[in-house]
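Input: a single structure, listed below in structure tokens.
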Amino acid sequence: MREVRVERYDAAEVEPRWQARWDELGTYRTDLTDTSRPTFYLLTMYPYPSGDLHIGHWSIKTPTDAIGRYRRMHGDNVFFPIGFDAFGLPAENAAIKAGVHPREWTLANIERMRRQLRSMGATFNWEAEVVTATPEYYRWNQWFFLKFLEAGLAYRAMAPVDWCPKDQTVLAREQVVGPDRVCERCGTQVVKRDLEQWFFRTTRYADEFLRYEGLQWPEPIRLMQTNWIGRSEGSEVVFRTAPDDHQPGGDELRVFTTRPDTLFGATFMVLAPEHPLVERLTAPDRRGDVERYRHEARRKSEIDRLSTEREKTGVPLGADAINPVNGEAIPIWIADYVLLSYGTGAIMAVPAHDERDFAFATQFGLPIRQVVAPVGHGGDDEADAAYIAHTPDEELVNSGDYTGLSAPEGARRITADLEREGRGKSAVTYRLRDWLISRQRAWGTPIPVVYCPTDGIVPLGEGDLPVVLPDDFEFKPTGGNALESHAAFVNATCPRCGGPARRETDTMDTFVDSSWYWWRYLSPHKDDGPVDRELEERWCPVDQYTGGAEHAVLHLLYSRFFSKALADLGLIHEREPFKRLFNQGQILGEDGERMSKSRGNVQDPDDLVSRYGADTVRLFLMFMKPWEQDAPWSSTGITGLSRFLNRVWTVTLDPHGQESGGREEDASRGGGDGGPSGSQALRALAHRTLKRVTDDYEGFHFNTMVARLIELTNALMRYRGTALAGSPDWEETIRLLLLMLAPAAPHITEELWSRRLTVAGEPWRSIHQEAWPAVDEALAAEETMELPVQVNGKLRDRVPMAVGLPRAEVEEIVRAREKVQAALGGQEPLRTVYVDGRLINFVVR
RNA sequence: GCGGAAGUGGUGGAACGGCAGACACGCAAGCCUUAGGAGCUUGUGCCCGCGAGGGCGUGAGGGUUCGAGUCCCUCCUUCCGCACCA
């Protein structure tokens, strides 16, 4: 037994040393102009500089780093940049609270987070870093805005918008969440306001958003986007108002319907309370009720609309509309279940075939007329529920000339006939709204327009950019936009007439910043344009993007909008930003809730890193769960990964040593005898492991990847101190182990690799510049196996035998077994199922 | 209500339709010891049994199959998205 002990692995010493060395050598710098190797653009969602990196950042970024290192070992030129999403409200709140300029607060946090990010030992391309709150970056937001204006992709409009009373700003539709309609950032319930605001015309690409060809995106994300866009095909039908004592009639009332086949069943019409024609159509004796209802509806959208099951409400206007297919006059109502923002803000109500209309009709005693029925069922006007079932053989009833047609055919014919008369047409509507980008906040990209008393709204010229945020904000404790009271900022000159003008004080949604940052990484300091077109063509789209699923209809949809808009402007060549997307699961707080400072359940990785080292933390995060799965945080189990790395250290540096322990004879240990056959078996295991680990890296199955490496290390551990230790096969196994582990645990593998090179008298070379090893398939193939034997599907025996024996021979061997005979009980099998090399099953019954 | 994901030991989690529970934590017993937040060995799904062994087991219930955690049907539970979208 050897007395000499190798020193233990000291992460605190090894990790910073290598991090410094890699920096110094520029090991991970990427030459974007290198055309000799395939490019691999690896992107992970850039962090908001809140001040502290938490364990969730590690759990997305370190496995992503492992992917990059793995690709690098395959010879790819990997670009893996990082930056900071540096505009946003927390900085303003800090400014109000602590009286510091939001820039100072943000830059200090960034500095702190850079240090924390570096402790991961990741291959970030720091030379490409972008910080969105710098004029160097946000001037291009302004530039895009001007280009979008020219292209009709940006516009200003009055609209009922969502206002967050706490954050004191409007929000995009995507940023209002849940049944309670709360602010995505702060959870406060939003209220409706009529305001004139800036929009990006996302709806221009609604149909294109629905096409995902060539995108390897998770199905749930695509579904969420598809549902969000909410494309709906149907017809627009023009009703006209009937004349009466109070108005001349003849106004067009357009409705959108997905069921033009039910047009004969329309027994009333409903307008949204805010519909512009309400005023004009209301009969004098109805005015009081109508005004009251409209007021009530307005108020309702401001208080919680928790109960979606609430009773239908509405009032009649005292006017009629004429159904274009049969000339029938039907009463016009207003009701808050019809939304102004969807379709045309008006519906034809067909209570027989729509649940909501049915409920409304029942509530107010309006007629119900069935116009679609299964063949031979006629019609029923006393239905107790709306008939909305779609049977293949349903036909139109009570529908004039169309009676007897199948429902789809009826829909086609009715629409076609209306179209001929100019009273309707096929139509498509979307749930998707244009993106409201104005924010009444100071810490964001100033919108580059001025309001001139003579010229109105005037966009600045490109030469006037950037519009820079002032250095001397004064934030009031009451909140509000500090830019508004900043005279030097507000007082501007009209670029058109040269006279005094008021500068726009709204800034852009920070999602504008994050909609194009990966293009900027390619040339972060380029000052004659936002994107280097040549590099964009070489590197884009992004090969692999990683981040949370919470951005399904926010960042990920906005980014697709930018791709299409910029491609249409000729700035880039690709219409999709991210070829392959992966959503890692979230690490929740120990309480199972989303980690947040306000809940006080944020986990700080720094403690763990100083106790166990970055490699252990990286491995633990990969090992604890499948990457895509959410899980509450618990550090239980991290010691297992720490022990694992210690064993890797031990088998590499001290193969001949032996722990004193309850060991038996060497020869009987761990199934290995230390002789030539054991030696072969070890190498075979190494190659089988390599095969599986390779597959696991490819599929991002990091948890099983780590498990396989632990297994291999445990096998090495069993052979340690035997004659096999230190043999060429042993050494080869160690070499493979370190290479396989290198992407996941970069520091310890670099240290061990370098020590081995020293011992071998070879010049130093980073393990992270080695090639991924090739599997020796012949070696990896199993030679012997244990064949499971079933009788009637129940496991009865396991029989060791050579691989590849003919079936007859296998059966003979197996049936000779005592246990098998006992289980067969002397019966001759009716049938024998043999799955080559997997299993044999005798059916006796 | 609609759409999606998921239910496996004490715990985190493994399992091309073919040995359920890999790997790890925890726990137990033992070894070693410079007595540590260290290392090593063995065991550990549940029940019966001293043991050999047997029975039962993947949310519930049906089905397909020689064989089902895995496929199909009907439920239950949890989480996520949408919120009267005509």
Side-chain angles (χ1 to χ4, degrees), chain A residues 5 8 177-181 218-221 223-224 226-228 230 232 234 255-259 270 305-306 308-310 312 335-339 341-350 354-357 359-360 429-431 549-550 552-553 586 588 592 611-612 620 623-626 628-632 634-644 646-647 650 658-664 669-670 701 703-711 714 717-718 720 786-798 819 829-835 838-845:
Chain A
R5 290 292 218 111
R8 299 184 47 74
V177 297
D180 305 349
R181 301 187 44 77
E219 190 58 32
I221 297 286
L223 255 167
M224 275 191 251
T226 299
N227 293 340
W228 187 259
S232 179
V255 303
F256 174 75
T257 177
T258 54
R259 296 289 308 274
V270 188
R305 299 172 49 183
L306 271 174
T308 55
E309 289 297 308
R310 68 180 220 268
K312 292 274 183 291
D336 64 2
Y337 81 96
V338 173
L339 311 173
S341 56
Y342 183 79
T344 59
I347 61 159
M348 62 176 205
V350 185
D354 182 281
E355 287 182 63
R356 297 153 300 183
D357 298 345
F360 194 84
T429 56
Y430 302 88
R431 226 185 57 119
E550 66 272 18
V553 294
Q586 269 191 73
L588 307 169
R611 188 183 302 176
Y612 297 101
F620 176 59
F623 182 72
M624 69 183 279
K625 63 180 184 71
E628 65 275 14
Q629 190 172 299
D630 291 347
S634 160
S635 62
T636 304
I638 194 170
T639 52
L641 284 306
S642 177
R643 286 173 194 162
F644 162 55
N646 283 330
R647 292 198 295 273
T650 303
Q658 249 187 52
E659 305 318 312
S660 34
R663 277 227 173 120
E664 300 298 312
R669 246 192 278 153
H701 304 304
N703 57 333
T704 48
M705 177 275 288
V706 174
R708 299 287 84 87
L709 293 181
I710 294 173
E711 237 166 9
N714 291 349
M717 212 56 197
R718 283 193 292 274
R720 195 164 81 102
E786 272 200 342
L787 187 75
V789 184
Q790 296 181 341
V791 174
N792 288 338
K794 290 205 175 203
L795 182 73
R796 294 300 175 188
D797 199 5
R798 293 166 201 196
K819 281 186 187 172
L830 302 169
R831 186 175 162 193
T832 305
V833 180
Y834 179 61
V835 184
R838 300 286 301 179
L839 161 144
I840 189 162
N841 186 16
F842 297 106
V843 186
V844 288
R845 206 69 64 204

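None of the values given here were measured: they were computed from a predicted structure. Chain naming here is simple, since letters A, B, ... match the order of the sequence lines and numbering starts at 1 in each.
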Checklist entry - Distance between the P atoms of B/rU74 and B/rG4, in whole angstroms? => result 13 Å

Next on the checklist: Looking at A/Asp354 and A/Ala349, would you say the former's side chain and the latter's main chain have a donor-acceptor pair under 3.5 Å?
Outcome noted: no

Next on the checklist: So A/Thr257 and A/Val350, do their side chains get closer than 4.5 Å, heavy atoms only?
Outcome noted: no

Item to check | N/O (side chain, A/Arg643) to phosphate O (OP1/OP2, B/rC40) under 4.0 Å | outcome: no

Next on the checklist: Can you measure A/Leu339 atom CG to B/rA86 atom P for me and round it to whole angstrom units?
Outcome noted: 10 Å

Item to check | Length of the line joining A/Arg431:CZ and B/rC82:C1', which is rounded to integer Å | outcome: 6 Å

Checklist entry - Considering residues at least two apart in sequence or located in another chain, which fulfil the side-chain contact (heavy atoms from CB on, under 4.5 Å) criterion with A/Arg798? => result A/Glu786, A/Leu795

Checklist entry - NA contact type, A/Gln629, heavy-atom cut-off 4.0 Å: base, sugar-phosphate, or nothing? => result sugar-phosphate

Item to check | Comparing A/Glu786 and A/Ser232 on RNA chain B - which has the more 5′ nearest nucleotide | outcome: A/Glu786

Next on the checklist: Between B/rG3 and B/rC73, how many Å separate the two P atoms, rounded to a whole number?
Outcome noted: 14 Å

Checklist outcome for this item: The contact string for nucleotides 2-9 of chain B, one letter per nucleotide 5' to 3', using protein heavy atoms under 4.0 Å with B, S and - for base, sugar-phosphate only and none, comes out as -SS-----

Checklist entry - Which of these nucleotides, B/rC19, B/rG13, B/rA14, is closest to any side-chain atom of A/Pro788? => result B/rC19

Next on the checklist: According to side-chain hydrogen bond (donor to acceptor under 3.5 Å, both in side chains), who are the partners of A/Ser635, at least two apart in sequence or on a separate chain?
Outcome noted: none

Identify each atom pair where a protein N or O and an N or O of nucleotides 77-79 of chain B are less than 3.5 Å apart, giving names and distance.
none

Item to check | Watson-Crick or G-U wobble mate for B/rA86, both contacts under 3.5 Å | outcome: none

Item to check | Distance-minimising heavy-atom pair for A/Ala359 and A/Lys312 | outcome: CB-CG, 4.1 Å

Checklist outcome for this item: Judged by nearest nucleotide, the residue sitting upstream toward the 5' end of RNA chain B, A/Ala346 or A/Arg798, is A/Arg798

Checklist entry - In whole angstrom, what separates A/Arg647's CZ from B/rA38's P? => result 14 Å

Item to check | Strand partner of B/rG49, provided both Watson-Crick or wobble distances fall under 3.5 Å | outcome: none

Next on the checklist: Strictly by Watson-Crick or wobble contacts shorter than 3.5 Å, is anything paired with B/rG26, and which nucleotide is it?
Outcome noted: B/rU44

Checklist entry - With A/Asp797, which of A/Val791, A/Val789, A/Leu787 fulfils side chain to side chain contact (heavy atoms under 4.5 Å, CB included)? => result A/Val789

Item to check | Base paired to B/rG21 (Watson-Crick or G-U; both N/O distances under 3.5 angstrom) | outcome: none

Next on the checklist: At 4.0 Å (heavy atoms only), tell me whether A/Asn714 reaches a base, stays on the sugar-phosphate, or touches nothing.
Outcome noted: sugar-phosphate

Item to check | Rounded distance in Å between the C1' positions of B/rA52 and B/rA14 | outcome: 31 Å

Checklist entry - Who are the ring-ring contact (aromatic ring centres under 6.0 Å, His included) partners of A/Phe620, not counting sequence neighbours? => result A/Trp633

Next on the checklist: Just the rounded figure in Å: distance from C1' of B/rC40 to CZ of A/Arg718.
Outcome noted: 13 Å

Next on the checklist: Measuring only the C1' atom in each nucleotide, how far is B/rG7 from B/rA20? A whole number of Å is fine.
Outcome noted: 16 Å

Under 3.5 Å, which N/O atoms of the protein pair with N/O atoms of nucleotides 53-59 of chain B?
| residue | atom | partner | partner atom | Å |
| --- | --- | --- | --- | --- |
| B/rC56 | OP2 | A/Lys794 | NZ | 3.2 |

Checklist entry - Looking for any heavy atom pair under 4.0 Å, which part of the strands does A/Arg708 touch: base, sugar-phosphate only, or nothing? => result base

Next on the checklist: Whole angstroms only, please: what is the CD1-C1' distance between A/Ile638 and B/rC25?
Outcome noted: 12 Å

Next on the checklist: In the structure I gave you, are the side-chain heavy atoms of A/Thr832 and A/Asn841 within less than 4.5 Å of one another anywhere?
Outcome noted: no

Checklist entry - For A/His701 and B/rA14, what is the distance between atoms NE2 and P respectively, to the nearest whole Å? => result 10 Å

Checklist entry - Under the side-chain contact (heavy atoms from CB on, under 4.5 Å) test, which residues partner A/Val338, sequence neighbours left out? => result A/Val270, A/Ala272, A/Ile347

Checklist entry - When rounded to the nearest Å, what value does the distance between C1' atoms of B/rG62 and B/rA68 take? => result 14 Å

Checklist entry - Which part of the nucleic acid, if any, lies within reach of A/Thr639 when heavy atoms closer than 4.0 Å are counted: base, sugar-phosphate only, or nothing? => result sugar-phosphate

Checklist entry - Which value, in whole Å, describes the distance between the C1' atoms of nucleotides B/rA38 and B/rG49? => result 40 Å

Checklist outcome for this item: With sequence neighbours left out, the residues meeting side-chain contact (heavy atoms from CB on, under 4.5 Å) with A/Ala552 are A/Ile221, A/Met224

Checklist entry - Which nucleotide sits closest to the side chain of A/Trp228: B/rC84, B/rG39, B/rC82? => result B/rC82

Next on the checklist: Does the structure show a Watson-Crick or G-U wobble partner for B/rC32, both distances under 3.5 Å? Name it, or say none.
Outcome noted: none

Checklist outcome for this item: Residues at least two apart in sequence or cross-chain that pass side-chain contact (heavy atoms from CB on, under 4.5 Å) with A/Gln586, listed by chain then number, are A/Glu550, A/Leu588, A/Arg594, A/Asp630

Checklist entry - Is A/Leu709 close to A/Phe644 at the side-chain level, that is, under 4.5 Å between some pair of heavy atoms? => result yes

Next on the checklist: Counting primed atoms plus P, OP1 and OP2 as sugar-phosphate and everything else as base, spell out the protein contacts along nucleotides 63-72 of chain B at 4.0 Å heavy-atom distance: B, S or - for each nucleotide, 5' to 3'.
Outcome noted: ---B------

Checklist entry - Quantified in whole Å, what is the P atom distance between nucleotide B/rG12 and nucleotide B/rA22? => result 15 Å

Checklist entry - Reckon A/Val338 touches a base, only the sugar-phosphate, or nothing at all at heavy-atom distances under 4.0 Å? => result base

Next on the checklist: Over 60° means perpendicular and under 30° means parallel, so tell me whether A/Tyr342 and A/Phe256 are parallel, tilted or perpendicular.
Outcome noted: perpendicular

Checklist entry - What distance separates A/Thr650 OG1 from A/Arg8 CZ, expressed to the nearest 0.5 Å? => result 7.0 Å

Next on the checklist: Tell me which nucleotide, if any, is Watson-Crick or G-U wobble paired with B/rG3 when both distances must be under 3.5 Å.
Outcome noted: B/rC80

Checklist entry - Among the nucleotides B/rC82, B/rA86, B/rC40, which one has an atom lying closest to any side-chain atom of A/Ile347? => result B/rA86

Checklist outcome for this item: Applying side-chain hydrogen bond (donor to acceptor under 3.5 Å, both in side chains) to A/Asn714 and not counting sequence neighbours gives A/Arg647

Item to check | Candidates B/rG13, B/rG12, B/rA86 - which lies nearest the side chain of A/Pro626 | outcome: B/rG13

Checklist entry - Does B/rG30 fall in syn (glycosidic angle within 90° of 0) or anti? => result anti

Next on the checklist: Return the pairing partner of B/rA38 with a 3.5 Å limit on both distances, Watson-Crick or G-U wobble; otherwise return none.
Outcome noted: none

Next on the checklist: Closest approach to the side chain of A/Glu711, judged atom by atom: which nucleotide of B/rC19, B/rC40, B/rA22 is it?
Outcome noted: B/rA22

Next on the checklist: Using the C1' atom as the point on both nucleotides, what is the distance between B/rC47 and B/rC40, in whole Å?
Outcome noted: 33 Å

Item to check | Minimum heavy-atom distance A/Asp336-A/Leu339, with the two atoms named | outcome: O-CD2, 4.1 Å

Item to check | Residues in ring-ring contact (aromatic ring centres under 6.0 Å, His included) contact with A/Tyr430, at least two apart in sequence or another chain | outcome: none

